[in-house]
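These notes are about the structure you will find just below.
Small disclaimer: the values here were computed from a predicted structure and weren't measured. Counting starts at 1 for both ligands and their atoms, following the listed order. Along the sequence shown, residues are numbered consecutively beginning with 1.
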Amino acid sequence: MINGSTKLTCLIGRPVEHSFSPSIHNCLFEKYNINSKYMCFDVDKEDLNDAVDAIKALKMNGANVTVPHKVDIINYLDDIDINAKLIGAVNTIKNDNGRLIGYNTDGVGFVNSVIRKGYKIQDKNIMIIGAGGAARSIAVEIANNNAKSIEIRNRTLNKAESISNIIKENFKSIVKTGDINITKEDLANIDILINTTSLGMSPNIYQNPIDETIKVDKDILVCDIVYNPKETRFLKWAKDNDLDTLGGIDMLINQGLEAFYIWIGVRPEREDLSEVEELRF
Ligand code: ATR
């Protein structure tokens with residue numbers, strides 16, 4: 001029930017109407033008996049400063065931020081978490097008694113998905129396909145979790161190199177870059193392979209970032225951040241090779257669980273969201 005003490009948490013983006021975040025957070029607020037509601041606001045670029053001021057003025061718990069505001073929002077916040085600063089993008093804001101602090105839970109969401117599946121990041125050799133915003137947040141977070149090596153493969157090499165430089169300057173992981181044409185030999189020492197490109201995303205469901213004729217005869221955890229369709233061609237290729245897989249919905253849900261923890265201080269379970277997940281996916 002909404003009453004005089006109900007707090008607001010919101011999403012700032014454009015467009016926002018297809019977001020899964022209201023389902024995640026309204027379900028969690030109810031499960032954990034927290035008197036708060038989550039709403040989405042379609043915000044124009046020129047209104048971003050006013051929207052941030054509203055988080056303070058209306059004493060909201062905080063907010064999520066999505067495309068196209070994840071980078072620009074940094075200019076309006078009081079403090080930025082160290083990893084969000086390295087990533088250069090914020091997707092979660094905590095209102096800490098009037099001070100707005102920016103975080104990025106995309107990479108943490110990915111790392112938690114891997115850990116909850118029973119795998120480790122530490123000392124692993126990890127290959128990331130793609131070098132956009134999602135790749136950047138994943139690369140920083142897996143380096144932060146002491147991956148042994150990170151290889152970034154992208155169509156546009158200088159974008160891979162830009163992420164590589166951030167990792168080299170701030171973390172101990174070995175970093176390599178390369179083009180997007182991945183061979184069987186390239187996978188020989190890889191433990192975890194992640195697609196962060198949009199290849200395979202609906203409506204382009206027949207695209208695949210990897211050559212489907214490659215046969216793999218070692219254990220690799222194969223992850224795709226694309227969640228529509230649920231089983232991409234990339235994941236199908238992995239399953240055909242008897243490899244373990246992690247789909248994009250896991251990362252989507254885990255970034256939400258982490259944002260909830262930042263606002264509320266309670267660590268929810270993935271299972272708390274089983275019903276809403278089934279309804280949506
Ligand atoms: P996000 O924030 O979701 O990571 P993004 O920043 O637009 O989105 O990044 C998209 C990624 O998908 C990039 O790595 C992009 O490659 P380029 O850097 O070369 O543009 C990759 N990508 C998109 N379409 C692609 C295609 N047809 N072939 C290869 N890579 C593609």
Side-chain angles (χ1 to χ4, degrees), residues 11-16 18-21 45 64-74 83-92 102-111 113-114 126-143 150-167 175-183 186-187 192-212 214 222-230 232-235 237 246-256 258-259:
L11 172 68
I12 293 171
R14 162 154 234 174
V16 291
H18 299 297
S19 171
F20 184 45
S21 296
K45 190 178 167 58
N64 279 138
V65 186
T66 189
V67 181
H69 302 315
K70 283 183 175 187
V71 176
D72 293 343
I73 196 98
I74 288 179
N83 285 352
K85 212 177 272 178
L86 292 181
I87 294 163
V90 157
N91 79 334
T92 301
Y103 297 86
N104 192 311
T105 68
D106 288 331
V108 184
F110 173 78
V111 166
S113 307
V114 171
I126 302 178
M127 181 184 281
I128 301 175
I129 311 173
R136 187 177 281 254
S137 51
I138 289 173
V140 166
E141 216 49 60
I142 60 180
I150 303 172
E151 187 167 344
I152 306 162
R153 308 289 297 255
N154 197 45
R155 179 178 60 179
T156 313
L157 200 57
N158 65 1
K159 283 166 75 181
E161 278 158 4
S162 145
I163 300 178
S164 162
N165 290 337
I166 292 168
I167 305 297
V175 204
K176 293 176 241 174
T177 54
D179 65 39
I180 200 168
N181 300 312
I182 296 152
T183 64
D186 294 337
L187 298 176
I192 302 176
L193 175 66
I194 314 155
N195 172 46
T196 70
T197 73
S198 48
L199 292 168
M201 187 191 292
S202 177
N204 302 312
I205 58 167
Y206 294 108
Q207 292 177 337
N208 194 338
I210 199 131
D211 172 1
E212 289 175 8
I214 293 177
V222 177
C223 317
D224 202 335
I225 70 155
V226 173
Y227 59 85
N228 180 18
K230 204 169 173 177
T232 56
R233 284 294 282 247
F234 183 57
L235 292 183
W237 163 81
L246 198 56
I249 296 165
D250 274 281
M251 182 175 160
L252 182 69
I253 287 183
N254 278 302
Q255 64 75 29
E258 190 64 23

Does an N or O anywhere in [X] fall below 3.5 Å from an N or O of ligand 1?
X      : answer
Ile225 : no
Gly133 : yes
Lys159 : yes

**Prompt:** Between the candidates Lys70, Arg155, Gln207, which shows the shortest non-hydrogen contact distance to atom 26 (C) of ligand 1?
**Reply:**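 Of the listed residues, Arg155 has the closest heavy atom.
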Against heavy atoms of [X], which atoms of ligand 1 measure under 4.0 Å?
X      : answer
Gly130 : 14 (O)
Thr156 : 17 (P), 18 (O), 19 (O), 20 (O)
Ala131 : 14 (O)
Ile180 : 29 (C), 30 (N)

**ligand 1-proximal atoms of Leu199, by part, heavy-atom distance under 4.0 Å** =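 The answer is the side chain.
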**Prompt:** Just heavy atoms, cut-off under 4.0 Å: does Asn154 contact ligand 1 by side chain, backbone, both, or neither?
**Reply:**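 The side chain, only.
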Donor-acceptor under 3.5 Å ([X] side chain, [Y] main chain):
X      : Y      : answer
Arg153 : Asn181 : yes
Asn165 : Ser162 : no
Thr196 : Ile129 : yes
Glu141 : Ile138 : no
Trp237 : Pro209 : no
Asp106 : Ala134 : no

To which protein heavy atom is [atom] closest, and what is the distance rounded to 0.1 Å?
atom                    : answer
atom 5 (P) of ligand 1  : Gly132 CA, 4.0 Å
atom 4 (O) of ligand 1  : Ala134 N, 3.0 Å
atom 11 (C) of ligand 1 : Thr197 CA, 4.0 Å
atom 23 (C) of ligand 1 : Ser198 OG, 3.4 Å

**Message:** Yes or no, since that's all I need: does a protein heavy atom fall within a distance strictly under 4.0 Å of atom 7 (O) of ligand 1?
**Reply:**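 There is no protein heavy atom less than 4.0 Å from atom 7 (O) of ligand 1.
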**Request:** Would you please test Asp179 and Arg155 for salt bridge (charged side-chain N to carboxylate O under 4.0 Å, His left out) and show each step?
**Result:** CA-CA 6 Å; Asp179 65 39; Arg155 179 178 60 179; over 6 Å; no
**Asked** How far does CG of Asn64 sit from NE2 of His69, to the nearest 0.5 angstrom?
**Response**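 So the gap between those two atoms works out to 13.5 Å.
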**Request:** Any chance you could measure Ile152, atom CD1, to Ile126, atom CD1, to the nearest 0.5 Å?
**Result:**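 If I round to the nearest 0.5 Å, the distance is 11.0 Å.
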**Request:** Would you check if Leu199 and Phe234 make a side-chain contact, meaning some heavy-atom pair closer than 4.5 Å?
**Result:**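 No. Closest side-chain heavy atoms not under 4.5 Å.
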